[in-house]
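Structure first, then comments.
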Amino acid sequence: MESHLLLCVLLLIPAFASSDFLVTHVRNIKKRNSDNDLVVNGIEIYRMKIDSKVTSRFAHNVITSRAVNRGNIHKEVFFDVELPKTAFITNFSMTIDGITYPGNIKEKEAAKQQYEKAVSRGQTAGLVKASGRKTEKFTVSVNIAAGSKVTFELTYEELLKRHFGKYEMFIKVKPKQLVKDFEIEVNIFEPQGISELEAEGTFITNDLQNVIKKSFSHKKGHISFKPTLDQQRTCENCSQSLLDGDFIVKYDVKRTTPDNLQIVNGYFVHFFAPTNLPKLPKNVIFIIDISGSMSGREIEQTREALLKILDDIKEDDHFNFILFGSDVHIWKETLIKATPENLDEARKFVRSIDTEGMTNLYGGIMKGIDMLNAAHEGNLVPKRSASIIIMLTDGQPNVGISNTQDIQTHVKKAIEGKYTLYNLGFGYGVDYNFLEKMALENKGLARRIYPDSDSALQLQGFYDEVSNPMLLDVELNYPENEIEDVTKNSFKHFYDGSEIVVAGRFRDINQNSLTVDVKGEGANDVLSFTTQQDKEQTAEVFQEQEYIFGDFIERLWAYLTIEQLLEKRIAATGEEKENFTAKALDLSLKYKFVTPLTSMVVTKPEGNENQAAIADKPTEAQARGAPIVAQASPAHYVHASSPTWYTSVDGDPHFIISVPQKEDAICFNINENPGAVLSLINDPVTGITVNGELIGDKKVDNDAKIQNTYFGKLGIANKHLDIKVTVTPEKITIQNETGKTTFTWLDSVTLKQEGLTLIINKKKSLMLSMSSSASFVIVLHQVWKKHPLHKDFLGLYTLESHKLSAQTQGLLGQFFHPIDFTILEIHSGSDPKKPDATMIFKNKELIVTRGWQKDYRRDPEHGIDIPCWFVHNNGAGLIDGVHTDYIVSSLF
Ligand SMILES: *[C@@H]1O[C@H](CO)[C@@H](O)[C@H](O)[C@H]1NC(C)=O
Ligand SMILES: *[C@@H]1O[C@H](CO)[C@@H](O)[C@H](O)[C@H]1NC(C)=O
Ligand SMILES: *[C@@H]1O[C@H](CO)[C@@H](O)[C@H](O)[C@H]1NC(C)=O
Ligand SMILES: *[C@@H]1O[C@H](CO)[C@@H](O)[C@H](O)[C@H]1NC(C)=O
């Protein structure tokens, strides 16, 4: 009885963020029944609008979604939006039957308390969270009465950044059902004039191409996309929506001068992007982690990316490679010129890169700095040139100096601001915090390279962004006695196709003109000029009042200031850090930006009995019984090795995390669609991963609020040994470099080969251990063959999980290290047999419910009830991030 309004909006996410997205499976339901196919599970979304106004790169977006409950009973309606980390939510409201409930911005902790109070009182509350990750997710649900209407309205703002010569706006669209009145409208106003404007969608078919209307002239650009119902269908008479993908708007502005200054209401913004400058020669040192934690696939993608990068290196550039495993290896003694012969030799070298041993990151990076110093001192490289260090690592330093704080100190001292350090963190095993701090301290930045099929492209894309420096040491100077609170105004490099933005405010609001001195070192000479602008000139440009939303330059200044304070906070410590935090919090509250320091809460007043609460959700999850299991006797080895501390996932899927020192357990469920593959265990150190693919019941139960799903396939791999084990209720397949062996559940097998022990306990369970690491027990649940609903499925139990590393991630893996919790305020919940309580976990307050989950290791037929504290909403607050972060693209 729930219907999802799912709309993902993504703005300006570089191409490699795609691994963050939800994986969903489209069933193409072919039914046509006039307007009935607008109503899904009783809910009709009759209007959805994404309204975007961009003024001087500052985007103000409003997403409105209107739905009506066409059924005879209450229904829960969900509103989900995905936004990039770079956008700040600024408003959210819900309107139910004509009454608007506005969002209130609060300091994060205060917001959480208000939210949890509201939830425990049985009120509807929406929590807008800035997750601090690449994308942030906003979800709210509301239970509405039959015949009632609800409107959700979300606003967010963002400064569009220029990459490769274009500002890009990236809107991910996914209404999940047909919408009578669907519209995307984008209005752009750029005082410098628009030079080009493009709009495209990944889901746009040939038929839909001309539904995108696009026009621009002078300062104004307009885009609209308004598909009719029939145009939204995946095929004639289909009720499935084809609106599922990315809608991308790209544009650039005219540049008659290298910069542009705008002054409004006592604030100014200064855009700097000179064109037609000669490229600066660059000196690039690639420092590559080849330690054993780099999997075969990662090293292969690194080689592939480096080969592509070599194709782009210019003859004027100098370069070298440094590899670090247990030892540090250099390709050439010094930086060498990128002649065709040298590039050829480099290609051979890159093809030969292979993994080795531990992680001497410190040795690698210091060698790189020494080499650049030597090149400059010996005049081996041009005097005017940009020196860049690009380090790629997937692990944590464990040879040489391994204390990250010490490495940071030494590196900063050695670089002395002379070179830019970029740190690329491959996968999730890295100490990203450390990489980011170290890069920011050395005028660079850090990026995460997501382990996926496009990792090589991500690496290459990053290189393309920083490979064309045009200016060195750019400084934009404003008269100090006139201007205050200016944002960052000195930059190590200016890259081709990018843009430098500085904002600030006048000490005297009545002052109306400003003079700026700009300086930078180009390839051949020093670039230096002065720009002057007054308020009247800007006012003239902004005559088109409808394009000015409020005090946008002030908001742009606040946005930039907060963004930079949050960044400075990363590298700061002690009182300095506290000061940055206090200032960022103050501005976030003042300008109503949802940042990592604030939250927005929407609460409905009490006393409306028709409105059920978000807190109701969990009871549905607990109500589901386990499927019928066929066989009886327990496997002997499970008894023998049954540890006191374990984690497991079984049933549809129930996760149980035991907490031995409390003699208690925490449990949660994950509700995802059949076909989704979940990351259960991922240990970058031992190379062991376990992923599980969900299957559904034989039939879809339209009345069930949440569809039952179970694990139908488990994939256990050891990346270091190149072993992959696939387990389904039918068979067990082991694959290594040399070949594949398959067993069925009818076999009784004890197999021992290099790095792997497998024992199949006929038709019941199997035990698998890999090298000296953790062991797993997989229990086979067979249901009656003619069962109308259920299918056979699998349960996973981990044994000796402490043998996996402390860096292990995944829905189970993150709990392999001792955890603790405190229970407070046990009180009666909606089910008289199951009290609610407040759980304190990692300084967070979670509302939990006492319940039971089944452990089938000893009794695969009936299972044993394990009492546990149930965490609602897919383990929200207990697991790192959100559960959809754990969806992976494939079993291996
Ligand atoms: C937030 O949105 C609501 C609904 O549109 C509106 O009434 C309210 O004024 C907005 N708040 C701000 C601060 O803009
Ligand atoms: C769509 O439905 C109409 C009316 O029921 C029918 O005439 C037509 O053949 C259908 N088209 C397809 C492709 O199924
Ligand atoms: C932090 O702020 C306080 C109060 O404004 C100031 O006195 C102090 O010097 C600041 N400390 C640092 C390290 O910036
Ligand atoms: C690969 O699997 C085969 C068959 O199971 C086995 O005989 C062989 O020893 C395995 N090779 C390695 C390197 O483990």
Side-chain angles (χ1 to χ4, degrees), residues 19 133 293 295 298 394-396 425-432 448 450-452 643-650 653-660 665-670 672 676-694 711 713-721 723-725 727 767-778 794-821 841-842 853 868 871 874-892:
S19 56
R133 292 186 171 212
S293 63
S295 67
E298 281 171 357
D394 88 323
Q396 295 186 8
F426 207 142
Y428 300 102
V430 294
D431 181 346
Y432 191 75
R448 202 190 278 287
Y450 294 87
D452 208 337
T644 49
W645 184 48
Y646 68 92
T647 60
S648 72
V649 54
D650 210 331
H654 303 305
F655 290 75
I656 309 180
I657 315 300
S658 84
V659 184
I666 305 180
C667 49
F668 61 97
N669 290 351
I670 296 292
E672 256 311 320
V677 180
L678 300 175
S679 166
L680 303 174
I681 298 168
N682 182 357
D683 181 5
V685 175
T686 60
I688 290 179
T689 61
V690 181
N691 294 331
E693 183 177 325
L694 294 174
F711 283 119
K713 206 185 248 186
L714 291 168
I716 304 172
N718 186 327
K719 288 198 279 188
H720 297 345
L721 297 175
I723 297 177
K724 290 176 188 166
V725 181
V727 183
M767 191 189 72
L768 182 72
S769 42
M770 285 197 164
S771 352
S772 52
S773 298
S775 318
F776 307 99
V777 172
I778 295 173
L794 304 167
L796 174 78
Y797 298 79
T798 60
L799 309 174
E800 300 179 303
S801 49
H802 59 273
K803 287 190 178 169
L804 291 175
S805 85
Q807 292 163 42
T808 307
Q809 309 210 355
L811 283 167
L812 282 178
Q814 63 186 289
F815 300 109
F816 285 177
H817 333 294
I819 56 166
D820 204 355
F821 64 84
F841 177 75
K842 288 191 185 164
Q853 298 279 26
C868 59
V871 180
N874 295 304
L878 175 72
I879 60 172
D880 279 342
V882 293
H883 82 279
T884 48
D885 294 343
Y886 297 89
I887 296 176
V888 292
S889 55
S890 67
L891 215 50
F892 293 109

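Worth saying up front: this structure is predicted, and the values here are computed from it rather than measured.
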Quick one: list whatever passes side-chain hydrogen bond (donor to acceptor under 3.5 Å, both in side chains) with [X], sequence neighbours left out.
| X | value |
| --- | --- |
| Q814 | Y886 |
| D683 | T686, S805 |
| S679 | none |

Flag side-chain contact, heavy atom, 4.5 Å: [X] against [Y]:
| X | Y | answer |
| --- | --- | --- |
| V727 | V725 | yes |
| L812 | I657 | yes |
| N682 | V888 | no |
| I681 | L804 | yes |
| M770 | I723 | yes |

Can you name the nearest heavy-atom pair linking [X] to [Y], along with the distance?
| X | Y | result |
| --- | --- | --- |
| A876 | V871 | O-CG1, 3.6 Å |
| L680 | L714 | CD1-CD2, 4.0 Å |
| L694 | F711 | CD2-CE2, 3.7 Å |
| F841 | L878 | CE2-O, 3.4 Å |

Problem - Flag, side chain of D394 to backbone of F426, donor-acceptor distance under 3.5 Å - result: no

Problem - Y432: partners by side chain to side chain contact (heavy atoms under 4.5 Å, CB included), with sequence neighbours left out - result: V430, E436, A446, R448

Handout entry: side chain to side chain contact (heavy atoms under 4.5 Å, CB included) involving H883 - partner list, sequence neighbours excluded
Key =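 Listed in chain order: I670, E672, N874, I879.
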
Hey, could you give me the [atom1]/[atom2] distance between [X] and [Y], rounded to the nearest 0.5 Å?
| X | Y | atom1 | atom2 | value |
| --- | --- | --- | --- | --- |
| T798 | I688 | OG1 | CD1 | 11.5 Å |
| I666 | F821 | CD1 | CZ | 5.0 Å |
| K713 | N691 | NZ | CG | 12.0 Å |

Problem - Identified side chain to side chain contact (heavy atoms under 4.5 Å, CB included) counterpart of L678 within the set I887, V690, T884 - result: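 With L678 as partner, side chain to side chain contact (heavy atoms under 4.5 Å, CB included) holds for just one option, I887.
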
Exercise for the section: Please name all residues satisfying ring pair (Phe, Tyr, Trp, His ring centres under 6.0 Å) with F668, sequence neighbours left out, ordered by chain then number. Expected result: F655

